[in-house]
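Just follow the structure's listing: the first ligand is 1, and inside any ligand the first atom is 1.
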Amino acid sequence: MEHTQQYRPTKAIIDLQTIRDNVHNLRSYLQEGVQIIAVVKANAYGHGDVAVASAALQAGAGILAVATPDEAVRMRQHFPDVGILVLGAAPISFVRYATDHKIMLTVFSTEWVKQARSVQGLSKPLLLHIKVDSGMGRIGVTSNEQLLELYEEIQATEDFIVDGIFTHFATADEEDTTYFDKQVVLFKELVNALPIKPRLVHAANTATALVKDAALQFDAVRYGISLYGLAPSGYVADLLPFPIRQAFSLQTEIVHVKKLKAGQSVGYGATYTATADCYIGTLPIGYADGMIRKLGGQTVLVGGERCPIVGRICMDQCMILMPRAYNIGELVTLLGAQGNDFISIDEWATKCDTINYEVPCIITSRVPRTYINE
Ligand SMILES: *Cc1c(COP(=O)(O)O)cnc(C)c1O
């Protein structure tokens, strides 16, 4: 792990024991022999890819999945022997690295296979996972004909191996299963059309693995959001077969305290004006840290009590209304537990009209990720 000095007190704290506990629970829920593919794309949903991947592997994950070739390179540098799957499209220029470093690539185009075949002097096998677009409308083959054409093209190439076949569901986190069921039917039809079953058939994201038919776990499940202790939707949250816990906390410290007189204002646009004398604390975190302006009015925890953000959030700082004059250096919890209270990522997501997935992803790299319980 990198240890670079950070002078600002603003930091994300990721509890790796919580990640391991989540993985243990998730693993115990799987059918015999089903592997866990830990989805650590986008810097492990903003949690820190290397630390999260280590914790997930320790707790029983067998394969890592990322979205991009560059993320795969980073994982390979830290984990020389683990299976790594790139879920998104990979350019032909990445094929050599993939063969040299045993990275599994997602494939969905016959043309791509032809081009990959023309890469000279590949010394080792290329492991390919065929993506089926059963209704997500993103990438993948959509029919038996496309699938078999692609399959034949791969089989016709020495050292190209159909290692897996997979799909992704668009509505697994919703109660209505009409669309989901159609995707299942199409995926099964295409898998069955293959002359030989590949090593890994996989379809389940968190929502599918936890609340749908266990048969859809196939050979492996791709657990993402649940590793981090978050539910894919309110519907899934209510049905969770075991508790999962949020691993991500966000903290800072008060850097300035002042008394505001009735009639005085704070922040750009002077949008907040004190109606009575009050105490204002300044926090060294702002929208350039991912604390977007939509979080104005959100409460933070100081001394175990909720204090609202007042005025507009600035690029690097924001102000809170406090019940008393706290000291400089007083701990402020923006996400996570303090005292008997807890601010969830879901609470921020609701405040921002978005989903919990987006919240830790948009906490920018200026906020150092620190780890407890390594
Ligand atoms: C991100 C992603 C996942 C993980 O989904 P969660 O809902 O976070 O569990 C699984 N599969 C694919 C293809 C993905 O892109």
Side-chain angles (χ1 to χ4, degrees), residues 19 22-23 25-27 29-30 34-47 49 52-53 56 59 61-72 75 83-90 103-108 128-142 163-174 180 183-184 187 200-212 216-237 239-242 244 246-248 345-346 349 354-362:
I19 302 260
N22 290 337
V23 175
N25 279 326
L26 291 164
R27 185 171 60 161
Y29 189 68
L30 297 178
V34 176
Q35 290 203 57
I36 294 181
I37 302 175
V39 182
V40 293
K41 63 191 178 191
N43 195 29
Y45 295 36
H47 290 62
D49 52 6
V52 166
I63 297 172
L64 302 174
V66 293
T68 73
D70 304 273
E71 290 174 348
M75 286 298 93
I84 297 172
L85 169 64
V86 178
L87 297 168
I103 306 289
M104 298 173 266
L105 298 185
T106 292
V107 65
F108 45 89
L128 296 170
H129 284 226
I130 295 176
K131 182 71 181 281
V132 173
D133 178 6
S134 58
M136 181 69 184
R138 198 162 61 177
I139 51 174
V141 296
T142 55
D163 186 48
I165 183 167
F166 73 113
T167 197
H168 192 54
F169 296 114
T171 62
D173 61 345
E174 294 173 16
F180 179 85
Q183 286 199 254
V184 170
F187 180 60
L200 289 176
V201 177
H202 50 109
N205 55 0
T206 293
T208 308
L210 296 187
V211 304
K212 304 294 183 193
L216 297 175
Q217 295 172 1
F218 294 105
D219 299 311
V221 299
R222 304 186 304 270
Y223 278 138
I225 197 75
S226 49
L227 302 176
Y228 312 101
L230 304 173
S233 65
Y235 168 69
V236 174
L239 294 179
L240 282 180
F242 47 79
I244 50 176
Q246 179 178 317
F248 192 99
I345 285 178
D346 292 282
T354 185
I355 53 171
N356 54 13
Y357 290 71
E358 201 175 15
V359 171
C361 285
I362 64 167

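- Closest to atom 10 (C) of ligand 1 among all protein heavy atoms lies Arg222 NE, 3.4 Å.
- Atom 1 (C) of ligand 1 has Lys41 NZ, 1.4 Å as its closest protein atom, hydrogens excluded (heavy atom only).
- No donor-acceptor pair closer than 3.5 Å links the side chain of Ser226 to the backbone N or O of Thr206.
- Between Gly224 and ligand 1, at least one pair of N/O atoms sits closer than 3.5 Å.
- Polar contact with ligand 1: absent for Ser226 (N/O pair, distance under 3.5 Å).
- The main-chain N or O of Leu210 is found under 3.5 Å from a side-chain atom of Tyr29 such that the two form a donor-acceptor pair.
- For atom 4 (C) of ligand 1, the closest non-hydrogen atom of the protein is Tyr45 OH, 3.3 Å.
- Among residues two or more places apart in sequence or in another chain, the salt bridge (Lys or Arg N to Asp or Glu O under 4.0 Å) test is passed with Asp133 by none.
- Regarding atom 13 (C) of ligand 1, its nearest protein heavy-atom neighbour is His168 ND1, 3.6 Å.
- For atom 7 (O) of ligand 1, the nearest protein heavy atom (residue, atom name, distance) is Tyr357 OH, 2.6 Å.
- Shown are Leu87, Val86, Ile63; of these, the side-chain contact (heavy atoms from CB on, under 4.5 Å) with Met104 is made only by Ile63.
- Partners of Phe108 by ring-ring contact (aromatic ring centres under 6.0 Å, His included), not counting sequence neighbours: none found.
- Summary of contacts: the protein heavy atom closest to atom 9 (O) of ligand 1 is Thr206 OG1, 2.6 Å.
- Any N or O atom pair closer than 3.5 Å counts here, and Ile225 shares at least one such pair with ligand 1.
- Put simply, the side chain of Asp219 does not reach to within 4.5 Å of the side chain of Gln35, judged on heavy atoms.
- Within the 3.5 Å criterion, the main-chain N or O of Ala231 finds a donor-acceptor partner in the side chain of Asn356.
- Of the protein's non-hydrogen atoms, Asn205 CB, 3.6 Å is the one closest to atom 5 (O) of ligand 1.
- Per-residue contacts place Arg138 under 4.0 angstrom from the following atoms of ligand 1 (heavy atoms of the residue considered): 13 (C), 15 (O).
- The closest donor-acceptor contact from the side chain of Asn43 to the backbone of Asp49 lies under 3.5 Å.
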